[in-house]
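Report on the following structure.
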Amino acid sequence: MSASEPPKATSARVPYLALALLAAAIAFASAARAGPYEAVQCAAHLGAGHGGFHFSRNSPDFHGVRACGSGEGLGVTHERRPTGPGRYGMWVAKPPPGTYFTRGRLVARGRRDGAYRPRLLLGAPRRSAPDSVGSLRRGFRTFEWRASSRADRLIAELTCTRRTNRCGRTDKPKIYVKRARFHLFDASPPAVTGLGGALLAAPVQRATQALTVKARDAGSGVRLVLVRTNRKLFDSVVSSCNIGAHQLALGLSPCPNSVHSSVSLDTLLPGFHEGQNSITVCVVDYADASPNERCARRRIRVDNDCPISDVTPKLRAQFAFAGGKIVKRVKFGRRPRVVGRFARPSGGPGQGALVCVSERAALANSTERLVGQPLRTDARGRISARLPAGPSRIVYLTYWRGMERVVTRALRLRVKPRLGLRVRPRGRLHNGQTMTLRARLGGPFHAHREVRFLAKPPGGRWVPFSIDFVKRTDHDGVARVSHTFRHVSGTQKFRFKVRVPHQAGYPYLAGHSHVQRKTVTAG
């Protein structure tokens, strides 16, 4: 996978591999890509420093050595003088916060003399003593190690092992390490810490607007920022990660741990549509095959259809249904009127402004459409429009004074569904006859909707018509259910109705049909 390809999100926990070349550089890759890698002659030429190792000591008798040019790698040497008990010098590699070592490999050599011991150690949190990786010899050899728990440090140490007496005067003890590879597990997911910019600053947007993104990752760093509109990839921002050949990272945290970037989004492009759109920003950390990913979502309204007014005074707006309500319930097929009023800050009418009335179905990310042509406010600063029949909607009044200056108001129209019920056959029924209830849901969005058939026996309450009383409409909005009467005594009257509940993807209120009656006799 190349650095420009957006990786696929899978697990929240991600393994990846780090490689130190000649103890001077470190590289990451996913466990799924941990194949053979070629080492370079000297990682110092890559400008990678010393690969995440840090030198520390508790005695000035020990010295850290960086010998990349000679091929020795990183080393610890000792001066020719006595050293106190327990004194040491060491190179330590630690994983970034939120990650830990799982296994690795390195090349090392060491020379012991007297009580001075070179040691390779692997430490873990809350463990009293680190584990030994292996015994060092005077010549370089390869050590492969696997952590039994969450290792948090790899140590190349030269130490005086005496507990009381001082160690002798000598400059022979040494330890050198190079070509260290680390396999890490990143348990720290990234985070989108801030979304802003002009795109999110106003209630409605048009043309090209900026989106600013802040993201952070405590582990391997922020590799990629993805911007999706309506669940489709729209744009991406790739971080400048310290990555070498074979897509291996040259540092234990190769990518920046925080990113602050700006993306320009053109709302006229196919990724957007008029009306409500979802903007999803995802941040991906560094792992070649299965990265951590976290996302943040916002919704914006886009309006490029309504023109910018040629008369652009600063106006206040009022918008309501005829009668003054801002939320209205109507039966299916009704066409209520909406009224808008514009006024100047001084109180005078906002005459001559070009404004629009538009609507969209009361569904997430639904498309918005103009109701008729743009309207011009009259001498009283008024406009009015009659809405078409349709489902529950959000109705907008919009007045564009400029590309980024807009006045908009919104109303909610809640519509009761049209639901019919037919009972067949006609007339009275007898024991042994089968009755069929046929429900028909009217209007748009009628297909594949849940409806519930209910019955009310004589003297009883409304109960499910049968065990299989919940149905879904077909592509024509029709659902059927049947029942055969077998144990009716005398003459009894039954009542039936069908109910449509509120449900996802159905922009109507809950509703029910008229009650149908059927007489059933025993004979």
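Count residues from 1 along the sequence.
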Establish, yes or no, whether the cationic atom of R109 lies under 6.0 Å from the six-membered ring centre of F140 and within 45° of the ring axis.
yes
Establish, yes or no, whether the cationic atom of R57 lies under 6.0 Å from the six-membered ring centre of F55 and within 45° of the ring axis.
no
Does atom [atom1] of [X] have more than 12 heavy-atom neighbours from other groups under 6.0 Å away?
{"X": "R141", "atom1": "CZ", "result": "yes"}
{"X": "R146", "atom1": "CZ", "result": "no"}
{"X": "L268", "atom1": "CG", "result": "yes"}
{"X": "E404", "atom1": "CD", "result": "no"}
{"X": "R299", "atom1": "CZ", "result": "yes"}

Any side-chain heavy-atom pair of [X] and [Y] under 4.5 Å:
{"X": "R169", "Y": "P82", "result": "yes"}
{"X": "V213", "Y": "L195", "result": "yes"}
{"X": "W91", "Y": "V76", "result": "yes"}
{"X": "L411", "Y": "V327", "result": "no"}
{"X": "C282", "Y": "R228", "result": "yes"}
{"X": "S56", "Y": "H54", "result": "no"}
{"X": "Y506", "Y": "L363", "result": "no"}
{"X": "S236", "Y": "V225", "result": "no"}

Does either side chain, that of [X] or that of [Y], offer a donor lying less than 3.5 Å from an acceptor on the other one?
{"X": "Q205", "Y": "T267", "result": "no"}
{"X": "T280", "Y": "R297", "result": "yes"}
{"X": "D186", "Y": "S220", "result": "yes"}
{"X": "Y396", "Y": "R360", "result": "yes"}
{"X": "T398", "Y": "R301", "result": "yes"}
{"X": "W145", "Y": "D131", "result": "no"}

Spell out, as yes or no, whether a donor-acceptor pair under 3.5 Å connects the side chain of [X] to the backbone of [Y].
{"X": "T99", "Y": "L184", "value": "no"}
{"X": "E274", "Y": "D305", "value": "yes"}
{"X": "S239", "Y": "P256", "value": "no"}
{"X": "S264", "Y": "Q209", "value": "no"}
{"X": "T83", "Y": "C167", "value": "no"}
{"X": "R449", "Y": "G505", "value": "yes"}
{"X": "T170", "Y": "K172", "value": "yes"}
{"X": "T312", "Y": "S309", "value": "no"}

I'd like to know if D61 and R87 make a salt bridge, using a cut-off of under 4.0 Å between side-chain N and carboxylate O.
no
Are any of the side-chain nitrogens in D468 or K471 under 4.0 Å away from the carboxylate oxygens of its partner?
yes
I need the single residue from R369, R412, R393 that forms a salt bridge (Lys or Arg N to Asp or Glu O under 4.0 Å) with E359. Which is it?
R393
Go through the steps for F272 and V302 under the test side chain to side chain contact (heavy atoms under 4.5 Å, CB included), then give the verdict.
CA-CA 8 Å; F272 290 91; V302 171; 4.1 Å; yes
F101/H183 aromatic ring centres below 6.0 Å
no
Could you tell me the separation between the [atom1] atom of [X] and the [atom2] atom of [Y], rounded to the nearest 0.5 Å?
{"X": "I279", "Y": "L199", "atom1": "CD1", "atom2": "CG", "result": "5.5 Å"}
{"X": "S392", "Y": "L509", "atom1": "OG", "atom2": "CG", "result": "5.0 Å"}
{"X": "K214", "Y": "S258", "atom1": "NZ", "atom2": "OG", "result": "10.0 Å"}
{"X": "I300", "Y": "L211", "atom1": "CD1", "atom2": "CG", "result": "8.5 Å"}
{"X": "T142", "Y": "R179", "atom1": "OG1", "atom2": "CZ", "result": "8.0 Å"}
{"X": "Y100", "Y": "R150", "atom1": "OH", "atom2": "CZ", "result": "4.0 Å"}

Please evaluate residues N277 and T229 with respect to the criterion side chain to side chain donor-acceptor pair (under 3.5 Å), reporting the C-alpha separation (whole Å), side-chain torsions for both, the decisive distance (0.1 Å), and the verdict.
CA-CA 7 Å; N277 296 258; T229 59; over 6 Å; no
Which heavy-atom pair separates [X] from [Y] by the least distance, and what is that distance?
{"X": "P190", "Y": "N292", "value": "CD-CB, 3.4 Å"}
{"X": "T212", "Y": "H260", "value": "CB-NE2, 4.4 Å"}
{"X": "Q503", "Y": "R472", "value": "OE1-NH1, 4.0 Å"}
{"X": "P391", "Y": "F445", "value": "CG-CE1, 3.8 Å"}
{"X": "V192", "Y": "V281", "value": "CG2-O, 3.7 Å"}
{"X": "R206", "Y": "N304", "value": "CB-OD1, 3.1 Å"}

Checking N365 against R231 for the side chain to side chain donor-acceptor pair (under 3.5 Å) test, could you report, in this order, the C-alpha distance in whole Å, the side-chain angles of both residues, the deciding distance, and whether it holds?
CA-CA 11 Å; N365 297 343; R231 299 186 178 181; over 6 Å; no
Side chain to side chain contact (heavy atoms under 4.5 Å, CB included) with R216: of D285, T193, N257, V259, only one passes, and it is T193
If you apply the rule side chain to side chain contact (heavy atoms under 4.5 Å, CB included), what do you find for L154 with L120, and how did you get there?
CA-CA 7 Å; L154 178 69; L120 288 176; 5.7 Å; no
Run E79 and H63 through side chain to side chain contact (heavy atoms under 4.5 Å, CB included) and show every step you take.
CA-CA 8 Å; E79 286 191 355; H63 299 278; 2.7 Å; yes
Could you walk me through whether C160 and Y88 pass the side chain to side chain contact (heavy atoms under 4.5 Å, CB included) test, one step at a time?
CA-CA 6 Å; C160 172; Y88 63 83; over 6 Å; no
Tell me whether the rings of Y116 and H78 are parallel (<30°), tilted (30 to 60°) or perpendicular (>60°).
tilted
